[in-house]
Amino acid sequence: MHTSAPQNIHPIGVFDSGIGGLTVAQGIARALPNEQIIYFGDTAHMPYGEKSAEAIQGYSVKICQFLLQQQCKIIVIACNTASSVAVELLQEHVAGKVAVINVIDPVVEAVKQSGIGRVGVLATQRTTKSGVYPHKIALTSPGVQVMAKAAASLASIIEEGMFNSAHTMKAIMDYYLSDPCLEKIEGLILGCTHYPIIKDHINNYYNGKVHIFDATETVAQTVKKQLQNRQLLYPGERAAHHHFYVSDYTRSFEQATQIFFGTRVHLNHYPIWEMIEQNTPL
Ligand code: DGL
């Protein structure tokens with residue numbers, strides 16, 4: 001846990017099931033260029049989208065402990081699946097010491113602001129099953145119709161880099177987005193951290209006529225506001241050095257960082273689960 005109270009010089013902690021959350025980290029790095037980011041991708045357990053809620057909660061708490069140990073002044077759950085099942089638990093765990101931001105609430109707020117009446121959600125199986133988007137939107141924007149569509153393999157397809165072929169992507173978009181439940185939507189929530197990568201293909205499918213809710217920018221602004229409110233923004237300018245950790249390392253993960261972070265970054269292998277099994281204190 002934190003050894004001292006969070007300070008403005010401390011880093012921002014960001015985690016995801018893998019490397020898709022780098023889209024969120026990139027958004028934060030752009031909006032807050034003087035902030036240092038510590039990123040943890042649980043590549044040993046990805047995809048979270050098909051795991052049980054209990055398993056994801058257990059992973060999320062351990063990763064949160066790691067980020068607190070790195071003295072992170074705020075924790076960002078850069079994963080819709082973990083956000084859908086673990087945010088309350090993590091908030092309880094940190095007991096108000098640091099803010100815990102998730103990728104769902106800022107988008108739910110954006111839906112409310114938009115005034116849109118019928119919105120679709122494209123997400124993993126677990127996020128869709130959790131019903132988190134329909135539930136939260138019903139609370140904040142009663143009357144808005146929410147149509148949720150699980151796209152079981154879409155995150156893996158993106159990770160494999162298939163989005164470079166316009167022809168393939170058209171077929172994939174037809175497959176997922178032609179579901180009758182998504183008919184007549186005015187907006188579509190990208191309910192998975194991988195999907196901003198294929199935003200243009202989604203826009204093309206809808207000929208730009210459907211508003212796309214992308215958490216990347218919205219979440220970065222939420223992080224900024226939280227740090228401002230707590231007077232924890234880095235005071236000045238610096239060349240921030242980010243650190244990226246993964247629970248399982250492969251070269252292909254490192255290559256894929258280019259897709260999700262915009263530049264290729266070095267991934268440090270941090271075998272968090274082996275350490276826990278050996279009872280090594282975090
Ligand atoms: N990062 C996850 C999400 O946003 C997608 C990948 C996974 O299933 O682990 O839901």
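Because the structure is a prediction, the values reported are computed rather than measured. In listed order, ligands and their atoms are each counted from 1.
- Near Tyr48, meaning under 4.0 Å from any of its heavy atoms, are these atoms of ligand 1: 7 (C), 8 (O), 9 (O).
- With hydrogens left out, the protein atom closest to atom 2 (C) of ligand 1 is Cys79 SG, 3.5 Å, a heavy atom.
- Ranking protein heavy atoms by distance to atom 5 (C) of ligand 1, first place goes to Cys192 SG, 3.4 Å.
- Checking Asn268 against Tyr249 by side-chain atom types alone, no donor-acceptor pair falls below 3.5 Å.
- By the criterion of a heavy-atom distance under 4.0 Å, the side chain of Asp16, and not its backbone, is placed next to ligand 1.
- Residue Ser17 has at least one heavy-atom neighbour below 4.0 Å for each of these atoms of ligand 1: 1 (N), 2 (C), 6 (C), 7 (C), 9 (O).
- Going from atom CG of Leu188 over to atom CZ of Arg118 covers 12.0 Å, rounded to the nearest 0.5 Å.
- His201 and Asn204 form no side-chain donor-acceptor contact under 3.5 Å, judged by distance and modelled atom types alone.
- Ligand 1 places these atoms under 4.0 Å from at least one heavy atom of Gly49: 7 (C), 8 (O), 9 (O).
- Checked by atom type, the side-chain pair Thr81/Thr124 shows a donor-acceptor distance below 3.5 Å.
- Only the side chain of Thr124 comes within contact range of ligand 1, with a heavy atom under 4.0 Å; no backbone atom does.
- The protein heavy-atom contact nearest to atom 10 (O) of ligand 1 is Thr81 OG1, 2.6 Å.
- Residues Asn80 and Thr127 bring no donor and acceptor atom of their side chains to less than 3.5 Å of each other.
- Classified by interplanar angle (parallel below 30°, tilted 30° to 60°, perpendicular above 60°), the ring pair Tyr39/Phe244 is tilted.
- The part of His194 lying near ligand 1 is the side chain, judged by heavy-atom distances below 4.0 Å.
- Checking Asn102 against Asp105 by side-chain atom types alone, a donor-acceptor pair falls below 3.5 Å.
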